[in-house]
Protein chains: 2
Amino acid sequence: MICRGEDLHDAVPVICSGWAASVAMLSDGSRQILSFLLSGDLVSTAFLFEPRPHCLVEAVTEVDYRIFRRSELQSVLLELPDLFDKLSPLWSEEKGRADRLIVDLGRRTADERIARLILELADRLARRGMTRAKSPTAIDKSATAIEMDFPLRQHHIADATGLTPVHVSKVLSAFRRDGLINISDRALTILDPAGFRRVAHMR
Amino acid sequence: MICRGEDLHDAVPVICSGWAASVAMLSDGSRQILSFLLSGDLVSTAFLFEPRPHCLVEAVTEVDYRIFRRSELQSVLLELPDLFDKLSPLWSEEKGRADRLIVDLGRRTADERIARLILELADRLARRGMTRAKSPTAIDKSATAIEMDFPLRQHHIADATGLTPVHVSKVLSAFRRDGLINISDRALTILDPAGFRRVAHMR
DNA sequence: CGGCCCTTTGACGGACGTCAAATAGCGTGG
DNA sequence: CCACGCTATTTGACGTCCGTCAAAGGGCCG
């Protein structure tokens, strides 16, 4: 289920519910996910102005979305008195995420990239109140585990981290073996938040 | 010569002449260049709003620059009637470059990354009229060579492409051996623009 | 039951990193 | 003018991380 291709030239999509991804494709068919889009996300603030987009928007789960015409949207937006106060935080965060992804892809190992992707998603979901704290079993001295919906397939993780699905599988298996996370039934639990963050921040 | 570190919290630098780079640093000392800054470049449009920056700005060559106070700059900017028309192309290009870098780091080989970096810089310089066309020698049937200032050290290229200086050296040597480019005396000549672009676009 | 996609696992290969040594360039001071 | 010390570059040997290829489950849905 693909949202749209090159017909974004005058369309500005907003995700209302579900998960989506903006994807760049190379001529040999390899893919790079530029960002995941969660409910409420504008695909990119750059889409408000850009004449032609350089990526696709693909659904990960079932998605509700709305399409605005750029031309209409711009005239509405420009009326707003506090437009900058509204837009600049979005933009700032979008650029921050892009820059962090650049550093991850340029300078971090597969383990770090994958752990950081998961933690970033956990963080974004937490801000929407979409994570659940699981009380640790009995006298377990570890910190409370964190559970979240996790509809991503391993090939999504691979496309987002610049890896192959095969290697993603191996890394996730290692994470599970080490008791850091658990994935089952489209949900992910961070069993050992402190340890997992340590993997992600190594270096 | 370092422009500034964490004191960018209220400062918005603009490069007037020379080359600079915005750099993210990791705790183990490895570095990732987020973008190169040429004369006239605002360091990042996100700096106009961001409370705290996540990167340093370092000079590559001798640099003339101006520092604006964010607070002052904002009040001036918000007066402009056509602010969006001025700002949105800058933002759009900045985001486009960031996205392309993400794809390069995630999905391209060392040769492609380096060739694309050089071509991107050539392109930006050409738009400023800062490249020179060198007529090919005699009956040489190849396209005209392109020459440009190129003050980058190999470690800059390494930091920008997520590689090591050693590997950058090997790739550049190969490019020279294949007659694609020549570097000497802080200048770079693309001897075979068509062939070089072919290397950059592979896949 | 059968087909399809996803995931897992292992063997193997390749691209790039690491380490080390040699060379070159360049400014500084004698 | 030359010695020197520093940094940048080059080159080769070797190692490692991750990709490729292939085969074998596993889950889901018709």
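Any value given below was found using the heavy atoms of this structure, including those in side chains, with hydrogens, waters and symmetry copies removed. Residue numbers begin at 1 in each chain, while the letters A, B, ... track the order of the sequences.
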> What residues form a salt bridge (charged side-chain N to carboxylate O under 4.0 Å, His left out) with B:Glu72, not counting sequence neighbours?
Replying inline: none
> Between B:Arg108 (CZ) and D:dG19 (C1'), how many Å, whole number?
Replying inline: 18 Å
>> Let me test you: for the helix from C:dC1-D:dG30 to C:dG30-D:dC1, what is the angle between the axes at its two ends (five pairs each), rounded to 10 degrees?
In response: 30°
> Between D:dG19 atom P and A:Asp159 atom CG, what is the distance in whole Å?
Replying inline: 12 Å
> Between atom OG of A:Ser44 and atom NZ of A:Lys95, what is the distance when rounded to the nearest 0.5 Å?
Replying inline: 12.0 Å
> Is there any side-chain hydrogen bond (donor to acceptor under 3.5 Å, both in side chains) pair reaching into residues 194-203 of chain B, and which pairs are they, with sequence neighbours excluded?
Replying inline: none
> Any luck finding a side-chain donor-acceptor pair between B:Asn182 and B:Thr189 under 3.5 Å?
Replying inline: no
>> Between C1' on C:dG17 and CG on B:Asp28, what's the gap in Å once rounded to a whole number?
In response: 14 Å
Enumerate all atom pairs, one protein N or O and one N or O from nucleotides 23-28 of chain D, separated by less than 3.5 Å.
none

Under 3.5 Å, side-chain donor or acceptor atoms of residues 169-176 of chain B against the rest of the protein: list the pairs with distances, not counting sequence neighbours.
{"unit_1": "B:Ser173", "atom_1": "OG", "unit_2": "B:Ser169", "atom_2": "O", "d": "2.8"}

>> Distance check needed: C:dC16 C1' versus B:Glu112 CD, whole Å only.
In response: 14 Å
>> Using whole Å, what does the distance between atom P of nucleotide C:dC16 and atom CG of A:Leu105 come to?
In response: 15 Å
Below 3.5 Å is the cut-off: list the nitrogen or oxygen pairs between protein and nucleotides 6-11 of chain C, distance only.
{"unit_1": "C:dC6", "atom_1": "O3'", "unit_2": "A:Arg153", "atom_2": "NH1", "d": "3.4"}
{"unit_1": "C:dT7", "atom_1": "OP1", "unit_2": "A:Gln154", "atom_2": "N", "d": "3.4"}
{"unit_1": "C:dT7", "atom_1": "OP2", "unit_2": "A:Gln154", "atom_2": "N", "d": "3.0"}
{"unit_1": "C:dT8", "atom_1": "OP1", "unit_2": "A:Arg176", "atom_2": "NH2", "d": "2.5"}
{"unit_1": "C:dT8", "atom_1": "OP2", "unit_2": "A:Gln154", "atom_2": "OE1", "d": "3.3"}
{"unit_1": "C:dT8", "atom_1": "OP2", "unit_2": "A:Gln154", "atom_2": "NE2", "d": "2.6"}
{"unit_1": "C:dT8", "atom_1": "OP2", "unit_2": "A:Ser169", "atom_2": "OG", "d": "2.9"}
{"unit_1": "C:dA11", "atom_1": "N6", "unit_2": "A:Lys170", "atom_2": "NZ", "d": "3.4"}

> Taking atom P of D:dT9 as reference, at what distance in whole Å does atom CG of B:Asn182 sit?
Replying inline: 14 Å
>> If I take atom CD1 from residue B:Ile157 and atom CZ from residue B:Arg113, how far apart are they, to the nearest 0.5 angstrom?
In response: 13.5 Å
